[in-house]
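Remember, it's a predicted structure, so these values are computed and weren't measured experimentally. Position 1 is the first residue of the sequence, and the numbers go up from there. Counting convention: from 1, in listed order, for ligands and their atoms alike.
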Amino acid sequence: MLKTKDPKIYNLIKKEELRLKNTLQMIASENSPSKEVLEALGSVFNFKYSEGYPYQRYYQGTVNTDEVEVAAEERARNLFKVPFVNVQPYSGSPANAAVQLALLKPLKSKIMGLSLAYGGHLTHGASVSFSGKLFKTISYELNKEGLLDYGKIKKIAIKEKPDLIICGATAYPRIIDFKKFAEIADKVGAYLLADISHIAGLIVAGVHPSPARYAHIITTTTHKTLRGPRGALIMVTNKGIKKDPNLSSKIDKAVFPGLQGGPHQNQTAAIAVALKEASGRSFKKYGEQVVRNSKVLAAELKKHGFNLVSGGTDNHLILIDLRNKAVNGAIAALALETAGIILNKNAVPNDQNPPFYPAGLRLGTAALTTQGMKEREMVKIAKWINEVINECPQILLPKTKGERKIIWDKFKKDIAKAEKLLKIAKEVKFFCARFPLP
Ligand code: DSN
């Protein structure tokens, strides 16, 4: 037993269970999968090497592994209504890397994606990631209202002629118009990749439009709103196959042997379980409730005087711009953690701050909704968030890194003792007891 054989790790697991139980999980990219998903994840499929694809492996003993991978593929194809899927990517970044390896020529081809500073992902062409280092890149931003400006995106695409346009984001609270992106990509002859990692569960639940008719390729992680284990899928659409009949086999080759070795088949089994769960009626209700909760939370935060990027939300996440409150995002995120509210600091459009001290906060309702919270609970949570932000010092961050660190370290010490926040943390703990983890 772990408890006796490795008490250190056992105790850390128990402490993490307690932390999850006693605090509000509002990181927009997190969720709690079911016990059944975790059972598959911890299963004997963890042992198995199975390089290759079902019925064409480089290792023996894959008779059951093949069936698991085929089941996951079949479930994903049915759920997302696509003709082809690869379920092997270890996570979202390798999935996007594989797509880029399959479609693009290093140093020659050009990627166009949403800028990291405006809610894009590292792998959408950010200069610090492989995608920005291996390929030419050009980014698009949000407009003054915090919205995707399709007219401007079209102009950039016509001028820059990218080979791959990526739509999808990690911090965009509004509906993404995949049809408009498709018109732009088609006009310039680019491939369109829809990275739906954040919204996959909402698409399945029918509360966000699907890109299946419009994109050539779709990638998604499986652990966010989709509520599975960590992992990812790469899907090729009918439109993608029409553009390039060899696209599916290019994707397969890019994942293995191009990028990865043996697939994590325990993860594949868990993905299969999650996909079955997501195809049920209750998952549709779940997705609807996620969005309802998000909208109520946004409306309540606005009543408390918070500025929200784009003015609100259509999906599972909200981006607060704290500049009118004169509180830095890093300061706010740590104060909220002290009060038992877990979310992340985030850059907002036109953010002049360094990335470690951005001006905003990103929060989501996917995990809270899994625990059974509804509109009433969102009203309460907005009130707590407001109380915490009102307790935050309005510190003007110094320009140099060293000076910022001194202020940050002092703040960390002080905030851990802030009575008002510790009182809220107690209330949060009591409140959370009514909403157990799955
Ligand atoms: N880290 C993920 C998120 O929080 O959105 C993206 O990879």
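A side chain to side chain donor-acceptor pair (under 3.5 Å) with Arg227 is found for exactly one of Asn31, Thr222, Thr369, Thr370, namely Thr370. The ring-ring contact (aromatic ring centres under 6.0 Å, His included) test with Tyr140 singles out one residue from Phe181, Tyr118, Tyr150, Tyr172, and that residue is Phe181.
Ligand 1 does not have Glu30 within reach: every non-hydrogen atom of the residue lies 4.0 Å or more from it.
For atom 4 (O) of ligand 1, a protein heavy-atom neighbour is found at a distance under 4.0 Å.
Which parts of ligand 1 touch His198 is read off a 4.0 Å heavy-atom cut-off, strictly below it: atoms 3 (C), 5 (O).
A parallel orientation is assigned to the rings of His264 and Tyr90, their planes being inclined by less than 30° (bins at 30° and 60°).
For ligand 1, one of its N or O atoms has an N or O atom of Arg362 under 3.5 Å away. Checking only distances, Thr170 never comes within under 3.5 Å of ligand 1, N or O to N or O.
Between Glu16 and Arg19 there is a salt bridge, since a side-chain N of the basic residue sits under 4.0 Å from a carboxylate O of the acidic one.
Looking at atom 7 (O) of ligand 1, its nearest protein heavy atom turns out to be His121 NE2, 2.9 Å. Counting protein heavy atoms only, atom 1 (N) of ligand 1 is closest to Ser29 OG, 4.6 Å.
The main-chain N or O of Asn46 is never found under 3.5 Å from a side-chain atom of Gln265 such that the two would form a donor-acceptor pair.
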